[in-house]
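One structure follows; several queries about it will come next.
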There are 2 protein chains.
Amino acid sequence: MVTIDLYDKTAEYFKALSHPTRIKIIELLSRNEMCVCEMMAVLNLDQSHISRHLMVLRANGIVKDSREGTKIYYTLKNKDIVKIIDEVKKIVGE
Amino acid sequence: MVTIDLYDKTAEYFKALSHPTRIKIIELLSRNEMCVCEMMAVLNLDQSHISRHLMVLRANGIVKDSREGTKIYYTLKNKDIVKIIDEVKKIVGE
DNA sequence: TGACTTTATTCGAAAAAACGAATATAATTA
DNA sequence: TAATTATATTCGTTTTTTCGAATAAAGTCA
């Protein structure tokens with residue numbers, strides 16, 4: 001049995017936050033749910049770029065998705081993460 | 001001129017937090033200043049492992065060092081980071 | 001069913017991070 | 001000055017992450 005340590009999990013979570021595109025996606029989702037095609041338009045990035053980063057966020061339990069027709073809408077599972085990002089932005093912005 | 005974007009800086013900061021050893025070092029320093037040899041003993045890791053992770057933390061402005069004789073003591077530059085780590089530990093621990 | 005839309009996944013290559021081992025540096029002390 | 005202690009840095013390698021491009025899958029609609 002492989003037990004994953006709390007420090008490993010915490011480090012993994014920080015790693016999920018360690019890409020500018022993923023941070024931007026989280027901020028977008030903090031305001032509205034959004035489908036991939038809308039993120040592409042707002043962030044001006046291609047589909048596979050967005051989609052791959054969403055995969056990381058999904059794998060870390062940060063976002064969840066729900067399909068509506070051909071579109072898939074994403075939302076944040078827990079909005080606490082937005083406050084954490086704001087705190088770090090404040091630290092690095094000083 | 002290369003301007004580094006706030007999102008890039010924020011992502012870099014999260015990357016600095018994305019290793020279990022670095023998180024442990026930050027927690028140790030949240031209680032006391034500490035030299036490398038003490039960290040080696042407490043964390044049971046070898047010198048170059050600790051030292052290299054301290055280099056990452058230094059490069060990101062998370063710790064600062066001051067020499068006393070042959071020893072170099074490290075402290076946190078900003079304790080806000082400890083609260084951020086606690087929040088993430090709480091999220092991933094649920 | 002076939003074309004179309006939207007999104008996910010895979011592939012191969014490039015870049016970055018991490019590691020163990022070795023070496024270098026800086027202060028101290030004999 | 002030589003040996004010692006404490007720490008930083010470098011080297012070569014392995015592992016992980018990222019990326020662009022291509023392909024696959026799932027739903028819709030004519």
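Reminder, nothing fancy here: chain letters follow the sequence lines and each chain counts from 1. Quick note: numbers below take in every heavy atom, side chains included, and nothing from hydrogens, waters or symmetry partners.
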Determine, for A:Tyr74 and A:Lys64, whether the Lys NZ or Arg CZ falls below 6.0 Å from the six-membered ring centre while staying within 45 degrees of the axis.
-> no
By nearest-nucleotide position on DNA chain C, the 5'-leaning member of B:His49 and A:Ser51 is A:Ser51
Taking only side-chain N and O atoms of B:Arg67, does any of them lie within less than 4.0 angstrom of OP1 or OP2 on D:dA8? no
Rounded to whole Å, NZ of B:Lys71 lies from P of C:dT28 at a distance of 13 Å
Counting just side-chain N and O atoms, does B:Arg58 come under 4.0 Å of either OP1 or OP2 of D:dT9?
yes
Distance check: side-chain N/O of B:Arg52 vs OP1/OP2 of C:dA17, anything under 4.0 Å?
no
In whole angstroms, the gap separating C1' of D:dA6 from CG of B:Leu45 amounts to 17 Å
NZ of A:Lys90: more than 12 outside heavy atoms within 6.0 angstrom? no
N/O (side chain, A:His19) to phosphate O (OP1/OP2, D:dC19) under 4.0 Å = yes
Assert: residue with more 5' nearest nucleotide on DNA chain D, out of B:Val36 and A:Lys15, is B:Val36
Taken to the nearest whole Å, CG/A:Leu57 to P/D:dT17 is 14 Å
**Prompt:** Is a donor-acceptor contact shorter than 3.5 angstrom present between the side chain of B:Gln47 and the base of D:dA8?
**Reply:** yes
Atom CG of A:Leu43 and atom P of C:dT7 are separated, to the nearest Å, by 13 Å
Between CZ of B:Phe14 and P of C:dA16 the distance, given in whole Å, is 21 Å
Between CD of B:Glu68 and C1' of C:dT29 the distance, given in whole Å, is 18 Å
Inset, instruction - Check whether NZ of the Lys or CZ of the Arg A:Lys15 lies under 6.0 Å from the centre of the six-membered ring of B:Phe14 and within 45 degrees of that ring's axis. - result: no
query: For B:Tyr74 and D:dA8, is the shortest distance between a side-chain N/O and OP1 or OP2 below 4.0 Å?
result: yes
Between side-chain atoms of residues 75-85 of chain B and protein atoms elsewhere (two or more places apart, or another chain), which donor-acceptor pairs fall under 3.5 Å?
from    : atom 1 : to      : atom 2 : distance (Å)
B:Asn78 : OD1    : B:Asp80 : N      : 2.8
B:Lys79 : NZ     : B:Ser30 : O      : 3.0

Please check this pair: side chain of B:Arg67 against backbone of B:Tyr73, looking for a donor-acceptor N/O pair closer than 3.5 Å.
no
Here the distance between atom P of C:dT6 and atom CE of A:Met40, to the nearest Å, is 9 Å
When rounded to whole Å, the CG to P distance for the pair A:Asp46 and C:dT9 reads 16 Å
